[in-house]
Amino acid sequence: MSKIRVRFAPSPTGFLHIGGVRTALFNWLFARHSGGSFVLRIEDTDRDRSTDEAIQVILEGMKWTGLDWDEGPIRQTDRLELYREKAMDLFHRGLAYWCVCTSEELETRRKDAQSRGESIKYDGRCRNRGISEPTEQAALRFIAPQEGQTVVHDLIKGDITFDNSVLDDLIILRSNGYATYNFSVVVDDGLMNISHVIRGDDHVNNTPRQVPLFQALGFSVPQFAHLPMILGSDKARLSKRHGATSVLAYQEMGYLPEALVNYLVRLGWSHGDQEIFSIKEMVEHFDFKHVQSSAAVFNPEKLKWVNAQYIRNNEPQQVAEALMPFLKKAGYDETAIAKIPGGVQALIPPLRERSETLLDVVDGAAPYLVESMPMDEAAATKHLTEAIVPRLKEFADAVEAEPDFSKETLERLLHGLIERQGLKMGKVAQPLRVALTGRTVSPGIYEVMALLGKERTLQRIRAAVERAWART
RNA sequence: GGUCCCAUCGUCUAGGCUGGUCUAGGACGGCACCCUCUCAAGGUGCAGACACGGGUUCAAAUCCCGUUGGGAUCACCA
């Protein structure tokens, strides 16, 4: 049994798509599971649409998601000469021929055939012309078998049988001398000894066209595994219309790479009822037997839930590290962060229970990172009433007089106040919350005070008291 | 239109290969209740699916055929 080698072969014509990441992930998982190699190949033979920038974005996306490759990135544009040689080799062996039909002619013939309700495949008119040295623009076509059947053994879908009569004599070298996709893929997969071609099932119909090419070129035919598509909520192929589809967009929205990967692995693959997988577990359990053969709808709500699981369960330090760039981006510098007793890490435990993304954490952290926070006017009017404000002042005085600022002490002081005044906890905690954070929603009131520190806690209560009195 | 693929709760899925243990399990989302200083988190519970029709069989979500529905693909794009 030869070594397992797989590849991910994106074309750099845009950003790295969610669907692409899932394909890359399954390749990566299979390679890691079986101790094989994962090759990254950039299919940039479409020189009009491929950009270096897009290549960088792909590499960045791969790095962010943690899908590391063993070989590459290999660019097809570095191998153009190779494809040409292989194509000419086929020609010299009589397995390919020059075709001088222009694309315009082909186009009109296709239309005619279609309007007559006939097959729109190439009619093969240049097949027997025996052009050995084309004097005009010519493309090289591969002589596809027309008899019998081609059976593709797919690890996910089982055997798929195609009648060879549907096969086209496909162009392997364009008239501009460059190889086409279907040809360069086969040459590369063959030369790179790819043992398993794992790709989206939009390639199923390409497979019977490629198999004879592998054979003609003298390569052994790899095994195939065609992954089901990822759909949008309307069951149409996932696209921009369905919201973000670029991986890096998810990074920006505050998703953790391990969460995205976890969500994606469950889109089309399962291991019993398990939902949350560490990378190690995924690698250990991954197999094609449990890959779904039907398409899956991308569900942003569940992705959020998975992300929340990781935010809540990762080490606080780890979450804090991931959070830092977001805080910087939101405009908080070291001095702002230094205001919090305990630093960034202290923010994580109280805030993460109420956050699904890192952006939520940043938002929740706002009141503790600034000198004076914006006040929700409606909340102030409702909660900072004349009746309660003296109680807040009383509480502040008590806190100030106490040298200790621990939760236990604060709890004792607040409960003392409540009992003396015959109040309910909610009657005091909510105004306190508004005074301290400017909002009606926050972590527990003692956690808020801990994040603020004694100094700012007193300051804010006093400011709120002043404000309320000034208003009357 | 040709060819190919697919079909379990709204969504992701378990089960299907090796029919009975499935009056179909889990998760997201929804709803209700509990907990509670707000919001969450957490806990408990509820609603919710084998596309349809034929077979095969003592027995079918599971096997076979057909229908319907969805998707992919038919380029000198990848």
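Only this structure's heavy atoms are used, side chains among them; waters, hydrogens and symmetry mates stay out. Treat the numbers as computed from the prediction; the structure is a model and nothing was measured. All chains are named by letter (A, B, ...) in the order of the sequence lines, taking the proteins before the strands, and each is independently numbered beginning at 1.
Applying the salt bridge (Lys or Arg N to Asp or Glu O under 4.0 Å) test to every pair with at least one member in residues 345-364 of chain A, sequence neighbours left out, gives these pairs: Asp363(A)-Arg439(A). Listed by first and then second residue, the salt bridge (Lys or Arg N to Asp or Glu O under 4.0 Å) pairs that reach into residues 292-301 of chain A come to none, sequence neighbours excluded. Within the structure, salt bridge (Lys or Arg N to Asp or Glu O under 4.0 Å) pairs that include any residue of residues 254-279 of chain A comprise Arg266(A)-Glu275(A), Glu275(A)-Lys302(A) (at least two apart or interchain).
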### Query
How does each nucleotide of nucleotides 31-49 of chain B score, in 5' to 3' order, for protein heavy atoms under 4.0 Å: base (B), sugar-phosphate only (S), or none (-)?
------BBBBS--------

### Query
How does each nucleotide of nucleotides 67-76 of chain B score, in 5' to 3' order, for protein heavy atoms under 4.0 Å: base (B), sugar-phosphate only (S), or none (-)?
----SBSSSB

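For rA78(B), the OP1/OP2 oxygens have a side-chain nitrogen or oxygen of Thr45(A) closer than 4.0 Å.
For Asp123(A), the side-chain hydrogen bond (donor to acceptor under 3.5 Å, both in side chains) partners are Arg109(A), Arg125(A), not counting sequence neighbours. The side-chain contact (heavy atoms from CB on, under 4.5 Å) search around Asp188(A) returns Arg41(A), Gln76(A), Arg79(A), Tyr83(A), Met192(A), not counting sequence neighbours. For Tyr250(A), the ring pair (Phe, Tyr, Trp, His ring centres under 6.0 Å) partners are Tyr255(A), not counting sequence neighbours. Every side-chain contact (heavy atoms from CB on, under 4.5 Å) that Ser50(A) has, sequence neighbours left out, goes to Pro12(A), Thr13(A), Asp44(A), Asp46(A). By the side-chain hydrogen bond (donor to acceptor under 3.5 Å, both in side chains) test, Tyr97(A) is found to be paired with Asp169(A), residues two or more places apart in sequence or in another chain being considered. By the side-chain contact (heavy atoms from CB on, under 4.5 Å) test, Thr440(A) is found to be paired with Ala379(A), His383(A), Gln430(A), Val434(A), residues two or more places apart in sequence or in another chain being considered.
Only the P atoms considered, rG43(B) is 14 Å distant from rG26(B), to the nearest whole Å.
Ring to ring, Tyr263(A) and Trp305(A) are not that close: their centroids are 6.0 angstrom or more apart.
Remark: rA32(B) base-pairs with rU44(B). Criterion, Watson-Crick or G-U wobble with two distances under 3.5 Å.
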Distances for protein N or O near nucleotides 14-17 of chain B N or O, under 3.5 Å:
| unit_1 | atom_1 | unit_2 | atom_2 | d |
| --- | --- | --- | --- | --- |
| rA14(B) | OP1 | Ser270(A) | OG | 2.7 |
| rA14(B) | OP2 | Gln292(A) | OE1 | 2.9 |

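The base of rG26(B) is not paired with the side chain of Gln274(A) by any donor and acceptor separated by under 3.5 Å.
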